[in-house]
Amino acid sequence: MKTKSVVKTIFIFIWMLVGWQVSGQVRFVASAKGSVSVGEQFRLTYEVNAQGDNLKVPPFKDFSTIAGPSQSSSSSISIINGRTTQSITVGYTYVLQATKEGKFTIPSASIRVDGKVYESNPVTVMVVKGNASNAGTSGTGKQQSGNQSSGQSGGGGNDIFIKAYASKTNPYQGEDIVVTYKLYTKVDITQYAINKTPTNAGFWSQSLMAKNAQPKQTTEIINGERYIVAEIQKLALTPQRSGALKLEGLELECVARIKTTRRMSDDFFDNFFGGFETYQNVKRTVKSEPLTIQVKALPQAGKPIDFSGAVGNYTMTSKIDRTKLKANEAISLKYTISGKGNLNLLEQPKPVFPPDFETYDPKIIDNISTTESGNAGKRTYEFVMIPRTAGTFTIPAYTFSYFNPATGKYATITSEDYTIDVAKGDGSAPAVVGGTSNQEDIKMLSNDIRYIKVNDLHVFPKQPLFYRSDFFWILLLLPLLILVAVAVIWRKELQKRSNVALMKNRKATRIARKRLKTAQKAMQENNSSVFFEEISKAIWGYLADKMNIAMADLSTDTIRLQLTNQEIDDILTERIVNLLADCEFARFAPGAAGGTEQTYAQAIAIIEELENKLK
Amino acid sequence: MRTLIYIVLFLTQSFAFAGAEQQLDSANKYYAKGQFEKAKNIYHALLSQNLESATLYFNLGNTYFKGNDFPAAILYYEKALRLDPGNADIQHNLRFANNKKIDKIEEMPLLFYEEWFNSISTLFSVDGWAKSTILFTFLCMIGLIIYLISKSIAYKKLGFWIGMVMLLLSLVSVGLAQHAYVNSYAQHTAIVFEPTITVKSSPSEVSANLFVIHEGTKVVIMDQVDTWYRIKLQDGNNGWIPAESVKDI
């Protein structure tokens, strides 16, 4: 019976309509946030457009009920075309907190309006993991600084937190990095102040944020939640030593406008005026997690001797204002180092200047800007020097070594060397080095040098020194040699002489006998003159030879003397003297010839006696 | 024949000397007129003929001094002093020129007997003392010969004493000769001619710098390696400098 069901349907429909017209359309809607994180509080609101009662809510078994229900109502009257329409909305709000992950459905609630019970829609809520690990996977999230996002730290809380990003977490010692602190907030923040800037032990830090600039704000969606992101601090840091350097967290105090949940107040007016949802200004302290930067030490291999800590990429130029000047004038020499890197921390160059150059500390002119990509620009060292004496000097090339983190290698740049020609200064006599004259010098300065010598015009060839020359030694030894020679010769001579005497002595007897023989022969021949001559010769000769008396010295007196010396007795001496006298007499006084035989015998006797007595 | 040659040689030498004396005289006259350049040239001409004398060096030193070339003046005064150490004029001018040099070097002071000994030893030149030594030695020899040969006691005594006295004198003389020699010749001395020169710690351009000396300073050369001299100053400091920066006395 099709017609029957059709009619039934029509009937129900008309009745429903009537019913509606009579009682208006009653709508009962439940609503809540679709996605929350664990621990997060959210509101579950039931709204009905009529005054009702006997609200029956399902048990919120997957959530913990924080507050509720709190009731709010609003009504409005509108008169259109004479027709008055009144509409009211009554809301019942619960504050729930998600306790565990998962997808949960809150079943429908019911309310009675005019005796009729209406049901709401069920609500599905998706609960996800807490904030701390939430944004961890957002490596693809847009970071403003640097290429790799590795450094980050979550904040506490889930609606406000600070994250720190480092442009590089593994820089070289001396290499700039930029650390950005970003504030993430779900709620409005009316004001904030940085309580504690992170301590940067081991870093040299420069702020990249202008003093009173408005922090940059952007929005990000993290796990379905909409966050406002503000860069609150940006620092350019240069690590001064190697190892694991910890950047402490940045602490921030802020005032947030948070929708608070209030219990239903007894006060009617509060309910009425305050409305159900109110905002409260809550002070919140947020701190970022510390960040560890692993600073690589500069390699030892290949480190130039004059490396002084410059890290980056540099070029160097030098400029000198003049190279030819007079003593006591000034030269200006500029070394300009330009590039990217820790320019601010460059060590003052110590070029080697020639001695006798007065030098002064250099003037440093900086033109460095610090940006997100680090320090860049140029620094000029201006050296002024004054040469004090004349001459040609060289300022040797200055070498500047640095470490390029991009290539991981050391590089050295060398300037050119300069040759300086210094002419004698005006005002001559260099007063500087110990030129202070003492008293004595002052006296002499008033004189002049003595005049040339014009009298002695004698010149002689240059000769080597006579003293200690070979000739000198020869001449020195000569007297000695002569002396020795003379001594030797003299000795020999003496010896010879004594030899002669000796010889004569030995021969004496023989000669005497020979002479006596001759005398004897003369006697037998009756040659008395020859006889006496021979006897005389024999005796004289014998005495002379024996006693070593020179012929020239022979005389009676000499004989007497020598005989006495030889200890011959006087009697013999007289006999000898007499004999000799006889002979002389016989020889030179004619006619007085004595007995030759007697004389002969006497002679022999004397000789024999003398033989015995004379040695 | 030989004697003839000797005579000729002697005469030519004399003429040569006479020519030299004339040159010296003319140089001196130029100096008197203030034409120092001309005087200098003639002095140098004489030197290049291998002739020298204390006067020549002294006058040349004066010429350089007048031309404000102090290191050269010092050099030639030192050369003159070698030939005539006791000459007061040379000593004075040398002191004067030394005042003009830049480095003030403290000379180590002498003890009184050293000063006294010095003043005696400068009476003659080194060769002068050498010659007197030879003379005394010969006289000693004669004395001793007399002693040896004479018969009479008196002569023997005389000869002995003469010999001893002469021996003593010759020893003193050689002592003074040696002293003068050590002072003037034994050390290889030179004067710095380079306006400024850096003394290095070893004979190489790239060794460490020790100290700086200037022209006119007198140095003692101790050693030589390649083209470098090891020098010592009068205050004891020593180091290495290139040989061409000094000129020998």
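All heavy atoms count here, side chains included; hydrogens, waters and symmetry mates do not.
Remark: the B:N87 side chain and the A:K453 side chain contain an N/O donor-acceptor pair separated by less than 3.5 Å.
The line from CG of B:D25 to CG of A:N455 is 10.0 Å long, rounded to the nearest 0.5 Å. Here B:L47 contributes atom CG and A:K462 contributes atom NZ; the two are 5.0 Å apart, rounded to the nearest 0.5 Å. Note: A:F393 CZ to B:T198 OG1 = 7.5 Å, rounded to the nearest 0.5 Å. Atoms CG and CG, from B:N59 and A:L457 in turn, are 9.0 Å apart once rounded to the nearest 0.5 Å. Between B:T63 atom OG1 and A:I452 atom CD1 the span is 7.0 Å, to the nearest 0.5 Å.
Partners of A:Y451 by ring pair (Phe, Tyr, Trp, His ring centres under 6.0 Å), not counting sequence neighbours, listed by chain and number: B:Y31. In this view, A:Y410 and A:F307, A:F403 satisfy the ring pair (Phe, Tyr, Trp, His ring centres under 6.0 Å) rule, not counting sequence neighbours.
In this structure, chain A has a heavy atom under 4.5 Å from the side chain of B:Y77, while its backbone stays farther away. At a 4.5 Å heavy-atom cutoff, the contact between B:F138 and chain A is made by backbone and side-chain atoms alike. Heavy-atom distances place both the backbone and the side chain of B:A32 under 4.5 Å from chain A.
The environment of CE in B:M164 is crowded: more than 12 heavy-atom neighbours from other residues, nucleotides or ligands sit within 6.0 Å. Counting non-hydrogen atoms of other residues, nucleotides and ligands closer than 6.0 Å to NZ of A:K303 gives a total above 12. In A:K504, the NZ atom is not crowded: 12 or fewer heavy atoms of neighbouring residues, nucleotides or ligands sit closer than 6.0 Å. Within a 6.0 Å sphere centred on OH of B:Y155, heavy atoms belonging to other residues, nucleotides or ligands number 12 at most. For A:R322, the CZ atom is densely surrounded, since the number of other residues' heavy atoms within 6.0 Å is greater than 12. Heavy-atom contacts from other residues, nucleotides or ligands closer than 6.0 Å to CZ of B:F160 number 12 or fewer. Around atom CD of A:E567, no more than 12 heavy atoms belonging to other residues, nucleotides or ligands sit under 6.0 Å away. With a 6.0 Å radius and a threshold of 12 heavy atoms from other residues, nucleotides or ligands, A:N565 has its CG atom above the threshold.
Between chain A and the residues B:D127, B:N28, B:N68, B:L83, the largest count of heavy-atom pairs under 4.5 Å involves B:D127. Your options are A:L465, A:L478, A:D456, and the one with the most heavy-atom pairs under 4.5 Å with chain B is A:L465. Heavy-atom pairs under 4.5 Å with chain A peak, among B:N209, B:V212, B:L60, B:I149, at B:I149. Counting heavy-atom pairs closer than 4.5 Å to chain A, the top-ranked of the candidates B:W129, B:F58, B:F211, B:F70 is B:F58. Between chain A and the options B:A27, B:S53, B:P195, the largest number of non-hydrogen pairs under 4.5 Å is found for B:S53.
For the pair A:D448 and B:K66, the minimum side-chain heavy-atom distance is below 4.5 Å. For the pair A:F460 and B:L56, the minimum side-chain heavy-atom distance is 4.5 Å or more. By the 4.5 Å heavy-atom criterion applied to side chains, A:P479 and B:T137 are counted as neighbours.
At distances below 3.5 Å, not a single donor-acceptor pair connects side-chain atoms of B:N50 with backbone N or O atoms of A:P461. Side-chain atoms of B:N93 come within 3.5 Å of backbone N or O of A:R450 as a donor-acceptor pair. In terms of modelled atom types and a separation under 3.5 Å, the side chain of B:N62 and the main chain of A:I449 share no donor-acceptor contact.
At a heavy-atom separation below 4.5 angstrom, chain A is approached by B:M141, B:L144, B:I145, B:L148 within residues 140-148 of chain B.
Counting only residues at least two apart or in different chains, side-chain hydrogen bond (donor to acceptor under 3.5 Å, both in side chains) contacts with residues 169-179 of chain B comprise A:Y467-B:Q178, A:R468-B:Q178, B:N118-B:H179, B:S132-B:S173, B:T133-B:S173, B:H179-B:N183.
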Exercise for review: List the steps and the verdict of side-chain contact (heavy atoms from CB on, under 4.5 Å) for A:V459 and B:E52.
Suggested key: CA-CA 6 Å; A:V459 286; B:E52 64 176 7; over 6 Å; no
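For the residue pair B:T196 and A:A390, the shortest heavy atom distance occurs at OG1-O, 3.4 Å.
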